[in-house]
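Single-structure report; data block below.
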Amino acid sequence: MNPLRLCLVVPADPVDRCVVRVPLDVLAAAAGLRADGHEVTVWDQRLPDTPPVMEDPDLLVVFTAAVGRARRYPLDLAPVRAATDRARRWFPGAPTMAVGPHGTHLPGATLLDLAVDHVAVGEAGSATVHGVRDLGAGIAAPVLYGDLPRPAAPVTVVGNHPRPYPDLDQDRWPMPAYDLVPLERYTAEVVVDGVPRPGPAGTVLATHDDTCGHPPFGAVPRTRSVDRVVAEVAAQRAAGLPSQSFLDSVFGIDTSYYGMICERLRGQGIDWVARTSTEAVLRTDVTRWAEAGCRGMWLRAEPPSGDDAGQPFRDAVLKLRDAGITPFASVLIGLPGDAVHVPDRLVDWAAELPARFALDLVSPRPGTPLYSRLAPGLNGGTPPATWQEVRHVTRRYRAEYPADLDDLERRLTALPNHLADATALTG
């Protein structure tokens, strides 16, 4: 395959108003593409710059969700369409390929909404490399995916659910292509005076998992090389990002693995924030986290049931505080059958939480078990085939919920221990 000129495009989005995270998937994909011999540039439209200086690319690759959106990727593709249109105006005539969760879950609908030439299905970094390889080999299907025949067979544009490209071992690729972006300009959450705030910080992911039910990214946790995780932290620090934000869903879930990471980070002068579970805190010597630089930790706070009165959560909060780690609570509301059906009780419980909290509102998304179970019934009996129908499902779910979620949200955000803007900051 002849080398190609590739421009990887990161759309701007309103949810990026608080932080602009290092685009991990994009830079990992760039490293893999370079290893294949291609010329790669990155145009991060979240930064107020003109596009990268390059000859007209042979292909524009548009990432539909920035890093860390596996749980909360946006359902409105308008910002992605705007980014795609802007890139096409700057580089007229260049073909386009979209990658990310949208094309993975609804490839045909994404193809139509964005008016791109191709959609590659699968984890964004791996799908990018696979898709470029197939296009370079002359496969010109609108939807590119793991079991693609040779040559490409026709696809059903709407409602098609092909098998995703298999994940590539990114630990075997060169380091992420940090040199393609102004790394020092990226931000994430840092703890300042006991409060999470945006600040210069890198982003790192040690374990890919399916905790939030988003296939095809793996049914079991996939840990990355400890050496690679530590090297990526060090590289971002050397580029001017003194702090880090771990995107792992449950930091410390594997005590041995995360213990090795902490041992390697200890004494490096790197501050970091992560998210974990009550159970992981209670079974871990969290002083090792503190010694490794942990300054803040998010815990999922669920309304208590039975006789425990939330005691395990309180014990976890106290344990973190005793270790010098500031605890924060993430309060999930909107799940079917949870305690939100008694709003007054939930507000009273949240007001007495022993840690400041942010809200995490349930919004059924393609790829989650909740969505798979409820979406057909909220869409006239058939699974949504377009992103407009997906948005209709989420609106109808909220409207038909047994409690008034809008009123509950207002009451919870008015509490003095609520962390304003933290949801956008940590998402």
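Along the sequence shown, residues carry numbers from 1.
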State, to 0.1 Å, how close W289 and W272 come at their nearest heavy-atom pair, and which atoms those are. O-CZ2, 3.6 Å
Shortest non-hydrogen separation from P107 to V121 and the atoms involved: CB-CG2, 4.1 Å
Measuring from D248:CG to T276:OG1, what's the distance to the nearest 0.5 Å? 9.5 Å
State which residues pass side-chain contact (heavy atoms from CB on, under 4.5 Å) with A234; sequence neighbours excluded, sorted by chain then number. none
More than 12 heavy atoms of other residues, nucleotides or ligands under 6.0 Å from CD of E55: is that the case? no
Quick one: side-chain hydrogen bond (donor to acceptor under 3.5 Å, both in side chains) partners of R185, sequence neighbours excluded? D49
Under 4.0 Å between a Lys/Arg side-chain N and an Asp/Glu carboxylate O for E39 and R34? no
Is the distance between the ring centroids of F251 and Y258 under 6.0 Å? yes
Might you point out which heavy atoms bring L299 and T278 nearest each other, and give the distance in Å? CD2-N, 3.8 Å
Find the distance between CG (L8) and CG (L33) and round it off to the nearest 0.5 Å. 6.0 Å
Output yes when a side-chain donor or acceptor of H102 lies under 3.5 Å from a complementary backbone atom of P74, and no otherwise. yes
Salt bridge or not for R222 and E123, using N-O below 4.0 Å? no
Taking every non-hydrogen atom, the tightest pair across A301 and L353: CB-CD2, 4.4 Å
Charged N to carboxylate O below 4.0 Å: is that the case for R266 and E263? yes
Output yes when E189 and R275 qualify as a salt bridge under the 4.0 Å nitrogen-oxygen rule, no when they do not. yes
